Every structure is written in C-alpha cells, then in structure tokens.
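What follows is a short report on a single structure.
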Amino acid sequence: MQASSNSEDLIDCGLPEHVPGAEDYIYTDTLHGSSFNFSCITGLVRSGVSVNEDYTVTCEENRRWSFGNLTCAVGRCTDPGTSGGAVQEVRSYEAGELLRFKCLRPGYEPVPSAPLLCQQQDVNNATWNATKIPICTDVTPPKFLNCHSMPFYVDKMEATDFAVPTATDNSGLVKNVTVMPYNFKPGTVVSEDVNVTYTAVDNSWNSATCTISFIIKDRIQPGLRCPSFLEKKINTTGGVTVDLNDSVTTGATFYPNQFITLNPSTLDGPRQVKATLQDKWGTSDTCTFLIYTKAEVCFKESLPSVSNADRSCVSVGENVTCTYVCKAGYVYFNGTTSKQYHCSGANNWSPSASPEDCLTCEITMQASLNNVDSK
C-alpha cells in the first residue's frame with residue numbers, strides 16, 4: 001500500500017518490532033499509511049489479529065504499528081513417556097524440537113537410536129513423528145580378561161599348558177562361552193599348528209572372541225654357513241680387524257669375539273673361532289674354522305723374543321735385519337754370542353723366523369764334552 005504524506009507533519013512509525021517466528025515484513029516505507037501482511041514461518045501458527053481485526057499491520061497516526069495481539073504460536077507435543085533405565089534430553093515439547101533418550105546404565109544404548117521430532121500438524125496440534133519410544137538395550141559385547149595374544153610354541157605331541165581366558169560382561173552376566181576345537185582345554189596334546197577360539201555371548205546376543213595359537217616348534221637345525229678357513233693380509237703393524245659377520249650367516253654369535261684383530265703378533269699361527277646360530281625355539285648349529293694372518297711386508301714384530309738376549313733391528317727399504325746379542329754369561333749353542341736374521345719380501349726370514357735362545361756357558365761346555373766323549 002502506498003504511504004500517505006503530509007507536507008506539514010510527516011508521521012513516521014519507525015522500524016516495526018520483530019515478532020518471534022514471524023516471516024520478514026515486506027513494506028515500502030515506515031510512514032503513516034504504510035502496511036504489510038503478517039505471516040509466520042513454516043511450522044508455526046499465526047495467532048490473534050491486528051488493531052483492525054485482520055492480519056494487516058499498518059503505520060497509524062499515533063506513530064505506532066497496529067500489531068494488536070498478533071503472534072506466532074508453536075504447537076506442543078505431549079510427554080511420550082520414558083522407558084526404564086533412561087532419561088529424556090529435550091529443551092521443550094514445542095513443535096520443531098528433538099527429543100533424545102539417554103541410557104543410565106554403562107554399555108546400554110537406546111534402540112532405535114534416532115531422536116523423536118515434534119511436528120506441527122495444524123493449529124494447536126503437534127505430534128511426535130513416532131509412537132514407539134526407544135528401549136535401553138545392551139549393545140556392548142563381553143570382554144576377555146586374560147586373552148593371550150602371543151602364540152605358544154610347543155613340541156609335537158606335547159601337552160598344552162595355558163590359562164583358560166575368562167569372560168566378563170557389563171550386564172553382569174555372560175550367557176555362555178564356547179570353545180573350538182570342541183572341548184580343547186589345558187593338557188590337550190597337539191600334533192600340528194592349531195588356533196583355539198573362545199566365544200562369549202551375553203543375553204543381548206552381543207559376542208566377543210579370544211583366539212590362542214599353538215605353533216609346533218621347528219626342530220630342524222638352522223642353516224649356518226661358515227668358511228672352511230679365512231686368510232687375511234696385513235701390511236702395517238696396526239693390522240686389520242675382521243668382522244666375522246661378513247663371512248658367516250647373519251645372526252650368529254661368536255667365540256671368542258665377533259671382531260678379531262690380526263697383526264704381526266698373529267703371524268705365529270692361525271686363530272680359531274667358533275660360530276653358533278640359534279633359532280627362536282632353541283635349536284642351534286655350530287661351526288669352527290681358522291683365521292690365518294699373511295704378511296705382505298717384513299715385520300720385525302713377527303720375530304719372537306729370545307731368552308737372555310737383546311735385539312736390535314735395522315730397516316733398509318722393504319728389508320729388515322735383526323741382530324740378537326747374548327747377555328753376559330750366555331752364548332749360543334755353537335759358542336757365538338750374536339746372530340743375525342734377515343727379512344725380505346712377504347716377511348720371509350733367513351735363516352729362520354724362530355731365533356735361538358742364548359744358553360749359559362756351563363750348558364754349552366757340557367754339550368761340547370758330551371760330543372767329544374761320543375767320538
């Protein structure tokens with residue numbers, strides 16, 4: 001409707017107040033004579049009339065909108081009731097509101113779980129969208145307190161030894177517990193791998209399972225691979241360190257050690273090592289082999305010490321000469337007091353790599369006399 005105007009005194013009612021639940025007002029302006037139709041949003045019921053006893057609200061001369069007692073009313077549903085062990089969760093029973101049920105007992109849920117909706121049917125008439133209220137139902141399966149998660153490893157034809165798992169339920173009662181294979185129990189003898197499954201069921205037919213595995217031990221010796229011998233070359237006094245894992249099946253243990261140091265001191269003979277491989281069932285396999293040290297250069301350190309003698313060595317290029325001098329009162333068997341040993345190439349010593357010991361003069365004199373008597 002077109003608003004009227006008075007050039008001398010414009011009447012302005014201002015913005016119309018908002019009535020809860022009313023649809024947005026549609027009007028031209030807020031001056032005297034302006035009007036709009038009052039209606040409610042879907043789901044709410046228009047109630048009352050305007051000052052003019054209709055549904056049109058107009059800006060009056062008194063600068064007020066003629067709402068009268070127009071409102072938007074909401075229908076109300078009745079209390080649908082509550083099943084045992086449950087409580088209602090709802091703001092109100094007015095149309096558009098949702099009603100949910102909550103079970104007080106742990107492990108229980110309302111069935112069906114969907115909330116009820118209060119729906120507006122007509123003026124002052126609202127009903128719930130369902131007539132059947134949810135019932136609190138046990139939805140939690142039983143639990144096993146001592147379900148053994150790791151497998152048991154047993155020998156073939158060995159009697160089993162284990163604790164039977166115990167089932168509990170939130171309702172306080174487990175209806176039954178079954179086991180497959182049938183009648184399997186501690187002491188049952190097994191000849192092959194087997195999975196034993198316990199199934200617990202409560203009175204609401206919720207179920208839980210516990211599976212215990214028995215695995216036959218593999219008594220075949222593990223495949224341990226060892227070399228017949230090892231030979232390692234050295235060319236410095238520091239030598240080399242050998243990691244036996246590089247030559248033996250992974251996972252083995254070693255005696256005396258996994259890491260063996262080879263240097264000039266080990267040129268006197270091979271070193272023996274022992275390897276052992278054990279599987280998770282305790283079955284083991286062993287092997288023994290020798291490690292040889294081979295020199296690529298001359299090492300004075302490879303000559304052993306000599307009793308009652310002092311040693312001095314001189315290196316010329318890759319060659320080494322060592323001189324042993326007997327201490328006072330000691331001589332070699334042939335009566336001399338010094339001997340020389342020469343090395344060249346790959347630690348090749350001449351006349352020998354095993355120097356003689358110095359002897360006391362009495363021993364050498366007695367040996368000489370014995371030689372004279374024997375002639």
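Remember, predicted model here, so these are calculated numbers, not experimental data.
- For CG of Asp24, the number of neighbouring non-hydrogen atoms (other residues, nucleotides, ligands) closer than 6.0 Å is 12 at most.
- The number of heavy atoms from other shown groups lying within 6.0 Å of NZ (Lys339) is above 12.
- When atom types are taken as modelled, the side chain of Ser35 and the backbone of Thr56 share no donor-acceptor pair closer than 3.5 angstrom.
- More than 12 heavy atoms of other residues, nucleotides or ligands sit less than 6.0 Å from atom CD of Glu231.
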Evaluation steps, side chain to side chain contact (heavy atoms under 4.5 Å, CB included), between Thr209 and Ser207 | CA-CA 7 Å; Thr209 60; Ser207 64; 5.8 Å; no
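- To the nearest 0.5 Å, the span separating CG on Leu262 from CZ on Arg271 amounts to 8.0 Å.
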Val306 and Arg311: CA distance, side-chain angles, deciding distance, side chain to side chain contact (heavy atoms under 4.5 Å, CB included) verdict = CA-CA 8 Å; Val306 172; Arg311 183 187 67 178; over 6 Å; no
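- Side-chain contact between Ile41 and Cys72 is absent, with no heavy-atom pair separated by less than 4.5 Å.
- Aromatic rings of Phe152 and Phe214 (six-membered ring for Trp) have centroids within the 6.0 Å cut-off, being under it.
- To the nearest 0.5 Å, atoms OG (Ser307) and CG (Leu359) are separated by 9.0 Å.
- Summarising the geometry, atom CZ belonging to Phe289 is positioned 10.0 Å from atom CD belonging to Gln272; distances are rounded to the nearest 0.5 Å.
- Here the shortest heavy-atom pairing between Cys358 and Ala309 reads SG-CB, 3.6 Å.
- Here the shortest heavy-atom pairing between Ser213 and Asn195 reads OG-OD1, 2.7 Å.
- Taking all atoms of both residues into account, the shortest heavy-atom contact from Glu94 to Arg76 is CG-NH1, 3.7 Å.
- The backbone N or O of Pro134 sits less than 3.5 Å from a side-chain atom of Ser83, completing a donor-acceptor pair.
- Heavy-atom neighbours of Asp161 CG from other residues, nucleotides or ligands within 6.0 Å: at or below the threshold of 12.
- Using the six-membered ring where Trp is involved, His18 and Tyr25 have ring planes that are tilted, between 30° and 60° apart.
- Note on Val177 and Phe184: same hydrophobic cluster, where clusters join Ile, Leu, Val, Met, Phe, Trp and Tyr whose side-chain heavy atoms are under 4.5 Å apart, directly or indirectly.
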Check the pair Glu301, Asn263 against side chain to side chain donor-acceptor pair (under 3.5 Å), reporting the backbone distance first and the verdict last.
-> CA-CA 9 Å; Glu301 292 82 2; Asn263 52 40; over 6 Å; no
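- There is a path of hydrophobic side-chain contacts, each under 4.5 Å, that joins Ile260 to Val240.
- In this structure, CG in Leu230 is found 5.0 Å from CD1 in Ile291, a value given to the nearest 0.5 Å.
- Remark: side-chain polar atoms of Asp29 are not paired, donor with acceptor, to backbone N or O of Ser34 under 3.5 angstrom.
- The closest donor-acceptor contact from the side chain of Ser350 to the backbone of His342 lies at 3.5 Å or more, if one exists at all.
- In this structure a side-chain-to-backbone donor-acceptor pair under 3.5 Å is present from Trp65 to Gly14.
- Side-chain N or O atoms of Asn146 include one that pairs as donor or acceptor with a backbone N or O of Thr166 at under 3.5 Å.
- In this model, no donor atom of one side chain and acceptor atom of the other lie less than 3.5 Å apart for Ser50 and Asn52.
- In this structure, Ser302 and Phe299 approach most closely via the heavy-atom pair OG-O, 2.6 Å.
- To the nearest 0.5 angstrom, Glu61 atom CD is 10.0 Å from Cys13 atom SG.
- Surrounding CZ of Arg63 are more than 12 heavy atoms belonging to other residues, nucleotides or ligands, all under 6.0 Å away.
- To the nearest 0.5 Å, atoms CG (Asp54) and CG (Asn37) are separated by 8.5 Å.
- Counting all heavy atoms, side chain and backbone alike, Val174 lies closest to Ala200 at CG1-CB, 4.2 Å.
- Enclosure of atom NZ in Lys217 by more than 12 non-hydrogen atoms of other residues, nucleotides or ligands within 6.0 angstrom is indicated.
- For Tyr330, the OH atom sits in a loose shell: 12 or fewer heavy atoms of surrounding residues, nucleotides or ligands are nearer than 6.0 Å.
- Between Asp138 and Asn203, the side chains place no donor N or O within less than 3.5 Å of an acceptor N or O (distance only, hydrogens not considered).
- For Thr276 and Thr286, the side-chain atoms include no donor-acceptor pair closer than 3.5 Å.
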Evaluation steps, side chain to side chain contact (heavy atoms under 4.5 Å, CB included), between Ile216 and Val154 = CA-CA 5 Å; Ile216 302 299; Val154 295; 4.0 Å; yes
For disulfide bond (SG atoms under 2.5 Å apart), just list the numbers for Cys343 and Cys322, CA-CA rounded to whole Å, side-chain angles, deciding distance to a tenth of an Å, and then say yes or no.
-> CA-CA 8 Å; Cys343 178; Cys322 290; over 6 Å; no
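- In this structure, Phe144 is a member of the same hydrophobic cluster as Val164, with clusters built from ILVMFWY side-chain heavy atoms closer than 4.5 Å.
- Remark: Ile26 CD1 is loosely packed, at most 12 non-hydrogen atoms of other residues, nucleotides or ligands lying under 6.0 Å away.
- Judged purely by atom type and a 3.5 angstrom limit, Thr249 uses its side chain to pair as donor or acceptor with the backbone of Arg225.
- The hydrophobic clustering, which links ILVMFWY residues whose side-chain heavy atoms are closer than 4.5 Å, places Leu267 and Val297 together.
- When the side chains of ILVMFWY residues are joined at heavy-atom separations under 4.5 Å, either directly or via intervening members, Tyr108 and Ile135 end up in two distinct hydrophobic clusters.
- Asn319 and Ser344 are not linked by any side-chain donor-acceptor pair at a separation below 3.5 angstrom, with hydrogens and angles left out of the test.
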What do the steps show when you test Asp202 against Ser204 for side chain to side chain donor-acceptor pair (under 3.5 Å), and what is the final call?
-> CA-CA 5 Å; Asp202 64 17; Ser204 296; 4.6 Å; no
What do the steps show when you test Asn69 against Val49 for side chain to side chain contact (heavy atoms under 4.5 Å, CB included), and what is the final call?
-> CA-CA 6 Å; Asn69 62 352; Val49 292; 4.0 Å; yes
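- Tested against Gln258 for a side-chain contact (heavy atoms from CB on, under 4.5 Å), the candidates Asn245, Val273, Val248, Val242 yield a single pass: Asn245.
- When all heavy atoms of Thr160 and Val190 are compared, the closest pair comes out as CG2-CG1, 3.8 Å.
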